[in-house]
Amino acid sequence: MEDFVKTSNFIHDIIDEELKEGVNTRVQTRFPPEPNGYLHIGHAKSICLNFSTAEKYGGTCNLRFDDSNPSKEDMEYVDSIKEDIEWLGFKWDNVYYASDYFDFVYECAEKLIKKGKAFVCDLTPDEMREYRGTLTEPGRNSPYRDRSVEENLDLFRRMKNGEFPDGSRVLRAKIDMASPNIVMRDPIIYRIMHVPHHQTGDKWCIYPMYDFVHPLSDAKEGVTYSICTLEFENNRAVYDWFIKEIGFEEPPRQIEFARLNLNYCLTSKRKCLKLVQSGIVSGWDDPRMATLCGMRRRGYPAAAIRDFVDKIGVSKANSVVDYGLLESCVRDNLNASAPRAMAVLDPLKVVIDNCEEGFTDELETDIHPDHPEMGKRKVKFGKTLYIEKSDFMTDPPKKYFRLFPGNEVRLKGAYIVKCVGYDTDGDGNVTCVHCTYDTDSRGGNAADGRKIKGTIHWVNAEDAIEAEVRLYDRLFNVPNPSDESKGDFTENLNPNSLTVSKCLLEGGIGELTPGASFQFMRQGYFCVDKDSTNEHIIINRTVQLNSSWK
Ligand code: ATP
Ligand code: MG
């Protein structure tokens, strides 16, 4: 085992300090997805961080759907998000929806208006952009900024009552148009949208903006640490402003961390949706997707994803993590747990000439070499076998220790065989290899102690099981498919990201339940696809034995 250095977590350092100094007395976090897509590996980092932080300090972590933009949201996404969090092994204390707080959020908006801290603005979006200023120039006050409290209240209530069309007016916070932080330049807090909502139906035709509803939801729930990604760093000022203006006894604290970026992957729900909608992948759970459901279908264990998130640590510095690290976590995990079996992906027939027709020997072997408690499996050996095409050569180079005329190899777990000839078709392709087996080598070792250099895998023809095998590779050719300067991400697809073929599985493999994982000796880790049936077995390659990412 390699040494495992516990990575640092600056958020836990902050919490330790605040608990010690009595700034906070308890830890409450939340995972706040917007239900507008399926979760991806980036979200796993946020999930692990929020749930394990609560767990570490004996606190609570709620699941809160940030559903204040009904136009892109859907219940399908709500259900999938719950499924993925549970699969990762976490339990939320409560499920909330930001939309649960719409009445409260509306009250807060009226409160701001009454304090003279919010106003209804009639500028068009273009005008508003123009008034906003730039990074180097201050903005200008909206001509509607000095409306009276009464007029603002009246207009806002009429917005709520549906008297105005979409986009005609907004409610804005009155902060500071000269602030160097553009987010503080009188941000919009409510917009008119005559769109039904998946939770509240057609109760509302105005919806609060994320920057407004988020701090209020955190505070209302009693969140003490609102952990989010770095792109919200500038929004912290407005977060704190709303918390202060509305007034809460126990103000939540926002802490930002660097999001997870993984090379060769898209970690954006919007872009994942595009892959799905364009038919480039078969769905959100296509095993090539960086979604959690895609990785699950590919056979990545949840524990491997948690290990991976642990290894990358939590920091304030943005970086891109190598996909190979995730694969090595998957490999380590499956190596420790997956039952062993043999499968031949590209079969070549072998006939054992000195076997009687109909002869079979049933050998026993451990299902997992390190876990005798997993039991044994039966492997049959008979006259006709299949080996991997690449394990035979008629005219091998030096140091080729597999099968060639005159050479001996060990058939894994069975006997030593010697190649005594081969058949070819009209084009000279090898169609069948002839061998004899050493009857004194049962289990794989020669009785006279002679050394056999090569060991190859094989399956017995009589009871082999035919299956469809799907070999997956990276979906993109470029390390950063999000980098639009290299063209749209749909232009950087790897044409060989999926290869479908037939393979042969050993007869003793056992139940092929969808989701079950195996190590196919010398090949890698594979799992049974969710669409697999007894009549049509489908196997996905999860990861190869050795890294192909170098
Ligand atoms: P996307 O851009 O994929 O839609 P998002 O940030 O808009 O992502 P949300 O549903 O808002 O998606 O995310 C829920 C939580 O997960 C947020 O707190 C967000 O900061 C966090 N999160 C999203 N992507 C990542 C990532 N790549 N790394 C770490 N945390 C992330
Ligand atoms: Mg978002």
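- Checking H198 against D74 by side-chain atom types alone, no donor-acceptor pair falls below 3.5 Å.
- Although no hydrogens or angles enter the test, the distance criterion places a donor-acceptor pair under 3.5 Å between the side chain of N460 and the main chain of G382.
- Of the listed residues (P287, C527, P301), just one forms a side chain to side chain contact (heavy atoms under 4.5 Å, CB included) with T542, and that residue is C527.
- Under a 3.5 Å cut-off, the side chain of T291 and the backbone N or O of H40 do not form any donor-acceptor pair.
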*What do the steps show when you test H457 against D391 for side chain to side chain contact (heavy atoms under 4.5 Å, CB included), and what is the final call?*
CA-CA 9 Å; H457 62 273; D391 284 339; 4.2 Å; yes
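- By the 4.0 Å N-to-carboxylate-O rule, R64 lies too far from D100 to be salt-bridged with it.
- Atoms CG and CD, on L385 and E462 in that order, are 11.0 Å from each other to the nearest 0.5 Å.
- Classified by interplanar angle (parallel below 30°, tilted 30° to 60°, perpendicular above 60°), the ring pair Y38/Y77 is perpendicular.
- One finds a salt bridge joining E408 and R450 here, because a Lys/Arg side-chain nitrogen approaches an Asp/Glu carboxylate oxygen to under 4.0 Å.
- The distance from atom CG of L512 to atom CG of D529, rounded to the nearest 0.5 Å, is 12.0 Å.
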_ring pair (Phe, Tyr, Trp, His ring centres under 6.0 Å) between Y437 and F381, worked out_ = CA-CA 11 Å; Y437 81 115; F381 173 85; 5.3 Å; yes
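- Nearest heavy-atom pair, V27 versus A54, reported as atom, atom and distance to 0.1 Å: CG1-CA, 4.4 Å.
- At least one side-chain heavy atom of F51 sits under 4.5 Å from a side-chain heavy atom of F31.
- Taking a 6.0 Å sphere around NZ of K418, one finds it holds 12 or fewer heavy atoms contributed by other residues, nucleotides or ligands.
- At least one donor-acceptor pair under 3.5 Å links the side chain of E506 to the backbone N or O of M342.
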*List the steps and the verdict of salt bridge (charged side-chain N to carboxylate O under 4.0 Å, His left out) for D473 and R541.*
CA-CA 9 Å; D473 199 352; R541 182 169 68 198; over 6 Å; no
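- Aromatic ring orientation, F520 versus F518: parallel (interplanar angle below 30°, classes split at 30° and 60°).
- By the 4.0 Å N-to-carboxylate-O rule, K274 lies close enough to D488 to be salt-bridged with it.
- Residues E231 and T229 have side chains that bring a donor and an acceptor to within less than 3.5 angstrom of each other.
- One finds the CG atom of L49 at 4.5 Å from the OG1 atom of T53 (value rounded to the nearest 0.5 Å).
- Going from atom NZ of K45 over to atom CD1 of I227 covers 11.5 Å, rounded to the nearest 0.5 Å.
- Within the 4.5 Å cutoff, the side chain of L545 has no heavy atoms near those of the R331 side chain.
- Taking all atoms of both residues into account, the shortest heavy-atom contact from V459 to A343 is CG1-CA, 4.3 Å.
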*asked:* Could you go through D307 and D332, starting from their C-alpha distance and side-chain angles, then the distance that decides it, and tell me whether this counts as side chain to side chain contact (heavy atoms under 4.5 Å, CB included)?
replied: CA-CA 10 Å; D307 285 351; D332 288 350; over 6 Å; no
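- Residues E511 and V528 fail the side-chain proximity criterion, which asks for heavy atoms closer than 4.5 Å.
- Heavy-atom minimum distance, L63 versus P33: CD1-CD, 3.8 Å.
- Under 3.5 Å, the side chains of N69 and N36 contain no donor-acceptor pair of N or O atoms.
- Counting heavy atoms from C-beta outward, C329 and I305 have side chains that stay 4.5 Å or more apart.
- Considering only heavy atoms from C-beta on, H434 comes within 4.5 Å of D423 through its side chain.
- Looking at H214 and S226, their side chains come closer than 4.5 Å, going by heavy atoms from C-beta outward.
- Of all the heavy atoms in V344 and I387, the pair that sits closest is CG1-O, 3.4 Å.
- What you find for C48 and R306 is that their closest heavy atoms are SG-CG, 4.2 Å.
- No donor-acceptor pair closer than 3.5 Å links the side chain of S46 to the backbone N or O of H43.
- Not a single donor-acceptor pair under 3.5 Å links the side chain of R259 to the backbone N or O of N318.
- Side chain to side chain, T431 and D425 fail the donor-acceptor criterion of an N or O pair below 3.5 Å.
- Aromatic ring centres of Y422 and F392 lie closer together than 6.0 Å.
- D67 places a side-chain N or O within donor-acceptor distance of the main-chain N or O of S99, the cut-off being under 3.5 Å.
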_What verdict does the side chain to side chain contact (heavy atoms under 4.5 Å, CB included) test give for V379 and W458, after you've listed the backbone C-alpha separation in whole Å, the side-chain angles of each residue and the deciding distance to 0.1 Å?_
CA-CA 10 Å; V379 180; W458 56 282; 3.6 Å; yes
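- Side-chain atoms of K316 come within 3.5 Å of backbone N or O of E256 as a donor-acceptor pair.
- Screening R442, K378, K380 for a salt bridge (Lys or Arg N to Asp or Glu O under 4.0 Å) with D361, the sole residue that qualifies is R442.
- Distance alone, capped at 3.5 Å, is enough to place a donor-acceptor pair between the H371 side chain and the A336 backbone.
- Two rings, from Y323 and Y264, have their centers 6.0 Å or more apart.
- For E356, the CD atom counts as loosely surrounded, since its 6.0 Å shell holds 12 or fewer non-hydrogen atoms of other residues, nucleotides or ligands.
- Residues Y225 and Y57 keep their aromatic ring centres 6.0 Å or farther apart.
- Between N407 and V409, the closest heavy-atom pair is ND2-CG1, 4.0 Å.
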*Check against side chain to side chain contact (heavy atoms under 4.5 Å, CB included), E364 and E362*: CA-CA 7 Å; E364 273 205 335; E362 199 171 73; over 6 Å; no
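- A donor-acceptor pair shorter than 3.5 Å can be found between the side chains of N263 and D322.
- Looking only at distances, no side-chain donor or acceptor of Q519 sits under 3.5 Å from a matching main-chain atom of R340.
- For the pair F308 and L262, the minimum side-chain heavy-atom distance is below 4.5 Å.
- Between F65 and Y97, the ring center distance clears the sub-6.0 Å criterion.
- With rounding to the nearest 0.5 angstrom, the CD atom of E83 is 11.5 Å from the CD1 atom of I81.
- Two residues are said to be in side-chain contact when any heavy atoms from C-beta on lie closer than 4.5 Å; K412 and R522 fail this criterion.
- Atom CG of L471 and atom CD1 of I539 lie 11.0 Å apart (nearest 0.5 Å).
- For N494 (side chain) and R474 (main-chain N/O), a donor-acceptor pair under 3.5 Å exists by modelled atom type.
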